[in-house]
Each structure stands twice: as structure tokens, then as C-alpha cells.
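Each remark here refers to the structure printed beneath this line.
As the structure lists them, so they are numbered: ligands from 1, and atoms in each ligand from 1. These values consider heavy atoms only, across backbone and side chains, with no hydrogens, waters or symmetry-generated copies.
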Amino acid sequence: MLTKDNKDTSKYNVNNIEEIKKASPKVAGLIAKEYERQLNNIELIASENYCSEAVLAACGSCLSWKYAEGYPYNRTSGNLGRYYGGTEFVDELEEYCCDQWRKVFNTDYHVNVQPHSGSQANFSAYAALLEPGDTVLSMSLDNGGHLTHGSSVNFSGKLYDIHFYDVNEDGIIDMPMVREKARELKPKLILAGASAYARVLDFQEFANIAKEVGAYFMVDMAHIAGLIAAGEHNSPFGYADVITTTTHKTLRGPRGGLIFAKPELAKKIDSKVFPYAQGGPLEHIIAGKAICAEEAQTEEYKQYIKQVVKNSKAFAKAFLDLGYKVVTGGTDNHLFMVDLREKKFSGRILQERLDENQITLNKNCVPGDPRSPKETSGIRVGTAPMTTRGYVESDFVKVAQKIDEIIKELDQEFA
Ligand code: PLP
């Protein structure tokens with residue numbers, strides 16, 4: 001088995017489990033089991049990571065008790081400040097957090113660190129830029145976009161008039177199609193960013209197209225934010241009007257969202273986070289986000305992200321060498337998808353069989369997928385979590401070989 005090895009599986013101080021046990025043995029037992037699962041399994045979910053113990057501690061700190069609706073005074077002109085007393089320390093913390101994020105991305109954009117999640121960041125960003133019914137051009141879920149990029153089951157698909165651009169036959173975003181559709185539709189907003197796209201995004205070209213048709217340009221960098229922070233992917237700052245992200249994927253921080261905006265959009269963005277979409281900010285998570293931002297500026301983090309990308313390329317090559325089809329033929333970032341359209345079993349069946357073998361990943365539609373999103377004809381893998389655990393290229397080659405063995409078993413079963 002590949003599951004137990006010499007990689008770092010004893011990183012966190014879990015003594016607090018003892019406290020939880022006193023209050024609820026049931027909850028403590030489930031947390032302990034999940035902790036074991038996370039450390040013993042090979043975790044390949046591209047949107048997950050293991051944050052530092054410092055981030056974890058901040059997220060469990062007394063800041064969780066504090067109400068602080070509103071924003072620190074003097075943040076934007078006309079800002080009414082906080083709606084509660086006793087906020088002097090959380091005010092300082094929130095300003096510090098914003099400053100640190102500006103440093104991470106070397107930008108003077110306005111920052112809002114209050115969104116509780118990536119989806120809520122997108123909700124507020126759209127609300128700041130659009131009216132219901134406005135036209136948006138984005139990437140569809142089946143081509144690698146996110147639910148909040150206009151899926152019909154999501155608020156985005158229900159509130160706005162969403163149109164999609166596609167990938168070409170090589171799985172690469174079809175930029176001529178983006179331009180053509182933008183000229184035809186004259187959208188109010190063009191969105192770049194994805195959950196399952198392995199290649200570099202051409203922010204400059206997207207921005208040119210948006211300018212040409214008079215649209216806002218927004219980037220959802222949730223997946224690649226860590227790569228951008230470390231200089232391993234080009235930056236959308238300077239090109240996009242608004243940039244959203246999560247902090248828990250390649251950024252390796254707490255679960256949560258951030259919004260960056262050109263300074264002239266600051267007031268609109270802030271008012272669409274609070275009071276429009278949210279109440280009290282999660283100051284304990286904001287503390288975790290501040291620590292995450294400090295960590296993202298270290299040399300250790302830059303080396304980590306370099307290794308994430310090297311591992312991803314080696315992992316994709318291992319699948320190619322084993323005869324598999326990788327969507328786009330490889331990867332430039334931390335993730336890629338293996339195309340299983342020719343198989344007699346679905347991505348769901350493989351995901352479940354891998355779970356039984358302590359390998360965690362997710363089924364994923366591939367471009368042109370004939371199967372439903374519940375079944376899918378692909379798997380998505382990412383290297384960020386296992387790189388945090390110390391995996392290098394040769395470890396990922398072994399994981400690809402193990403997945404290949406399991407696929408061969410399924411080939412026989414479904415022959
Ligand atoms: N945007 C993108 C590109 C994502 O991949 C995700 C989550 O996977 C989100 C937004 C939403 O983040 P959250 O799960 O925090 O709502």
C-alpha cells in the first residue's frame with residue numbers, strides 16, 4: 001500500500017480533541033477519525049490543502065466570539081465604521097490583514113477580507129458590478145468553470161443572463177471564440193477563472209477583449225491564487241477590475257474568500273459584502289487569513305509552490321507515459337484531468353474504488369463529456385495537499401502507477 005509512508009503525517013497538535021471529548025465524545029470521535037483519514041490517505045483533491053498549525057489555532061481562537069459588523073473607520077470615505085463597541089483590536093487586525101494581502105500580490109487594489117467563502121465573494125462581486133438580468137460571459141461548468149460562474153442551479157445562473165465560451169478540441173480556452181461572443185453579446189461582465197483548467201490564463205487578452213466591448217473584467221483566481229502569489233502564474237492585477245479568490249486552496253490558508261478591486265470600485269464592493277450579503281465578519285478566520293498572507297510572502301512558500309507545479313507536471317507525465325489521455329495534454333499548474341471517456345466505467349466508479357484504496361480525488365466532467373455530471377468521464381487531481389506533506393516527483397509517479405493498477409482491475413471487471 002502507498003498510504004503509509006515516511007511523509008509528514010504527525011504535524012498538528014490535536015490535544016484539543018481532549019477538550020472536545022469532554023463535551024461530546026461523539027463529535028470528538030468523528031473529528032479524530034477524519035483527522036486520521038486525512039493523514040493516512042493520499043489526498044489529491046485539487047481544491048484542498050493542509051494549512052499551518054498557526055492558521056488552525058487562529059481559526060479556533062477567542063476572535064470567534066467577537067461581533068464586528070461593518071468596517072474599520074476611515075476605510076473608505078463615508079464609511080460608517082463598525083456597528084459594535086470593543087472593536088479596536090479587530091479593526092487593527094482587519095487593516096493588517098488587508099495590508100498583508102496587498103503585499104502578497106504587490107498591488108494597491110482595494111481588498112475586502114470578509115467574504116465567508118469563494119462563492120460569497122463571487123456573489124458580492126457580481127452584485128457590485130451587475131443588475132439582475134445583465135449579460136455575463138464566462139466558462140461553463142462542463143468546460144472547467146465553477147458553479148458560481150453561471151450554472152443554472154446556482155444563483156448566478158438564475159439572476160444573470162449567462163453565456164459561455166468553450167475550450168477548443170485540445171481543451172484550451174478558445175480565445176477567438178471569447179472575442180467573437182463578446183462582440184456579439186456585448187456583455188456587462190467577462191469572467192476568467194476556473195475550477196478545472198490546467199493551462200495558463202491569458203489575462204491580458206481577456207482584458208483587451210473586455211475593453212473592446214466595454215465590459216467589466218473579473219478574474220476568479222480561487223485555484224491559482226497561490227501560484228500567482230509565488231510568481232508561478234501571470235498576475236491579473238492591473239488587468240482585472242475585480243479579482244476574487246478563496247484562501248484555502250493553493251494559498252494554504254483558512255476556508256474563506258477575498259475580493260480585490262480597483263480603488264474606484266471599493267465602496268460598491270464593500271457595501272455588497274456587508275450589509276448586502278453578510279452580517280458579522282468572521283474575525284477568527286480573518287486572523288487566519290492574515291497569517292496565511294504572511295506565510296505566502298516567505299521563501300519557504302515560494303519553494304513549496306514551485307514544487308507543487310513540478311509535482312503536477314511529473315504526475316501528468318506519468319499518466320501520459322502509462323498511456324492515458326490527459327486533458328490539454330499536460331499541465332501548467334497544480335491540477336489536471338485524466339480523460340476516461342474510452343472506459344466502460346465512469347469517473348464516479350473510479351473515485352469510489354480509489355476511496356476504498358485510501359486515495360482521495362474527485363470525479364470530473366471532461367470537455368465534451370457524454371456522461372452526466374453525477375457520473376462523469378474523468379478524474380481531477382491536484383498536487384497541493386500532498387506537496388505540503390512532503391511528496392516529490394517520484395512519489396507522484398508511484399501514485400500514478402497505483403491508480404493505473406486500480407484502473408486495470410476495473411477494466412477487467414467491466415470487460
Ligand atoms: N471559485 C472557484 C474557481 C472555485 O473552484 C471554488 C471552489 O472550489 C469557488 C469559487 C467557491 O469557493 P467556496 O467553496 O469557498 O464557496
Handout entry: Of Y239, F237, Y109, the residue whose pairing with F260 passes ring pair (Phe, Tyr, Trp, His ring centres under 6.0 Å)
Key = F237

Fill in the blank from the handout: Within 4.0 Å of some non-hydrogen atom of S117, the atoms of ligand 1 are 15 (O), 16 (O)

Practice task
Find out whether the Lys NZ or Arg CZ of K272 is both under 6.0 angstrom from the six-membered ring centre of Y276 and within 45° of the ring's axis.
Solution key: yes

Practice task
Using a strict cut-off of 4.0 Å, indicate which atoms of ligand 1 neighbour a heavy atom of S195.
Solution key: 2 (C), 3 (C), 4 (C), 5 (O)

Handout entry: Under 3.5 Å: N/O of S119 near N/O of ligand 1
Key = yes

Exercise for the section: Would you indicate whether the side-chain heavy atoms of P176 and D174 approach each other to under 4.5 Å? Expected result: yes

Practice task
With heavy atoms of T246 as the reference, note each atom of ligand 1 found under 4.0 Å away.
Solution key: 12 (O), 15 (O)

Practice task
If the plane angle is over 60° it's perpendicular, under 30° parallel, otherwise tilted; pick one for Y165 and F206.
Solution key: tilted

Practice task
Considering heavy atoms of the protein only, find what lies nearest to atom 1 (N) of ligand 1 and give residue, atom and distance to 0.1 Å.
Solution key: D220 OD2, 2.6 Å

Practice task
Output, in order, the C-alpha distance, side-chain angles, deciding distance and verdict of salt bridge (charged side-chain N to carboxylate O under 4.0 Å, His left out) for E283 and R82.
Solution key: CA-CA 13 Å; E283 294 295 344; R82 302 284 196 184; 3.6 Å; yes

Exercise for the section: Look at E212 together with R179 and state whether they make a salt bridge at an N to O cut-off of under 4.0 Å. Expected result: yes

Exercise for the section: Measure the distances from the heavy atoms of H248 to every atom of ligand 1 and state whether one is below 4.0 angstrom. Expected result: yes

Practice task
Below 4.0 angstrom from a heavy atom of A222, which ligand 1 atoms are there? Numbered from 1 as shown, please.
Solution key: 1 (N), 2 (C), 3 (C), 4 (C)

Exercise for the section: Take every heavy atom of A194, measure it against each atom of ligand 1, and state whether any distance is under 4.0 Å. Expected result: yes

Problem - Within-cut-off N or O pair, Q120 and ligand 1, under 3.5 Å - result: no

Fill in the blank from the handout: Sequence neighbours excluded, the answer for side-chain contact (heavy atoms from CB on, under 4.5 Å) partners of T387 is Y304, Q307, V308, N311, T383, F396

Exercise for the section: Return yes or no for this condition: an N or O of G118 is under 3.5 Å from an N or O of ligand 1. Expected result: yes

Problem - Contact atoms of ligand 1, heavy-atom distance to H223 under 4.0 Å - result: 5 (O)

Handout entry: Residue pairs passing the side-chain hydrogen bond (donor to acceptor under 3.5 Å, both in side chains) test where at least one lies in residues 186-196, sequence neighbours excluded
Key = D134-K188

Practice task
Work out whether the distance between some heavy atom of K249 and some atom of ligand 1 is less than 4.0 Å.
Solution key: yes

